[in-house]
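Quick note: numbers below take in every heavy atom, side chains included, and nothing from hydrogens, waters or symmetry partners. When a residue number appears, it is its place in the shown sequence, counting from 1.
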Amino acid sequence: MKQILGEQPQFIAIDFPETSTTALLTSQLEQAVAELDAQGDIVFLTDLLGGTPFRVASTLAMQKAGREVITGTNLQLLLEMALERDGLSSETFRLQALECGHRGLTSLVDELDRCREESPVEEGI
């Protein structure tokens, strides 16, 4: 994301390499929440449903209103929502992110068909 959009305000990325622990991740997320909490709503973007980042973020999200957890995050969703997030409540962000995720899941065949439908061949004079 940084390579494409650069640094983003009110955004903290936390890596969870295989050498990390649940306790360390919990501490890192709690620190990030403490930094961002005064700013308003918080949205956690995680990769896998049921994975450790999702579980830890879910625990923190359930502690206070205005917190959301979105899982299945990919680069397209991350980029689009980073650009669209200003002024959104956590709930509106969640709804738009889910819509974005559904839009972003496609295939080459479907995209080629869509392009053909949008550019009909002109007939005659």
Heavy-atom pair of closest approach, residues Phe54 and Gly50: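 Looking at all heavy atoms of both residues, the shortest contact is CD2-N, 3.3 Å.
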Taking every non-hydrogen atom, the tightest pair across Met81 and Cys100: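 In this case the closest contact between Met81 and Cys100 is SD-CB, 4.3 Å.
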Co-membership, hydrophobic cluster, residues Met1 and Leu36, 4.5 Å side-chain: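 In one cluster with Met1: Leu36, no.
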In one Ile/Leu/Val/Met/Phe/Trp/Tyr side-chain cluster, 4.5 Å: Leu45, Leu83: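 In one cluster with Leu45: Leu83, yes.
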Within 6.0 angstrom of Leu98 CG, more than 12 heavy atoms from elsewhere: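 Yes - once you tally the heavy atoms of other residues, nucleotides and ligands closer than 6.0 Å, there are more than 12.
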Salt-bridge contact Glu111-Arg114 (side-chain N to carboxylate O under 4.0 Å):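 Yes, Glu111 and Arg114 are salt-bridged.
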Working to the nearest 0.5 Å, report the span between [atom1] of [X] and [atom2] of [Y].
X: Ser107; Y: Asp113; atom1: OG; atom2: CG; result: 8.0 Å
X: Glu84; Y: Gln96; atom1: CD; atom2: CD; result: 6.0 Å
X: Phe93; Y: Ile42; atom1: CZ; atom2: CD1; result: 12.5 Å
X: Arg85; Y: Thr92; atom1: CZ; atom2: OG1; result: 15.0 Å

In residues 8-33, what donor-acceptor pairs under 3.5 Å come from side-chain atoms, sequence neighbours left out?
unit_1 : atom_1 : unit_2 : atom_2 : d
Gln8   : NE2    : Leu5   : O      : 3.3
Thr21  : OG1    : Leu24  : N      : 3.0
Thr26  : OG1    : Thr22  : O      : 2.8

Name every donor-acceptor pair, under 3.5 Å, that has one atom in a side chain of residues 59-78 and the other anywhere in the protein, sequence neighbours excluded.
unit_1 : atom_1 : unit_2 : atom_2 : d
Thr59  : OG1    : Arg55  : O      : 3.0
Lys64  : NZ     : Asp37  : OD1    : 3.1
Lys64  : NZ     : Asp37  : OD2    : 2.9
Arg67  : NH1    : Leu60  : O      : 2.8
Glu68  : OE1    : Arg94  : NE     : 2.8
Glu68  : OE2    : Arg94  : NE     : 3.3
Thr71  : OG1    : Thr46  : OG1    : 3.2
Thr71  : OG1    : Asp47  : O      : 3.3
Thr71  : OG1    : Leu48  : O      : 3.4
Thr71  : OG1    : Leu49  : N      : 3.0
Thr73  : OG1    : Thr46  : O      : 3.0
Asn74  : OD1    : Gln76  : N      : 3.2
Asn74  : OD1    : Leu77  : N      : 2.9

Salt bridge (charged side-chain N to carboxylate O under 4.0 Å, His left out) partners of Glu35, counting only residues at least two apart: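 Glu35 satisfies salt bridge (charged side-chain N to carboxylate O under 4.0 Å, His left out) with no residue once adjacent residues are dropped.
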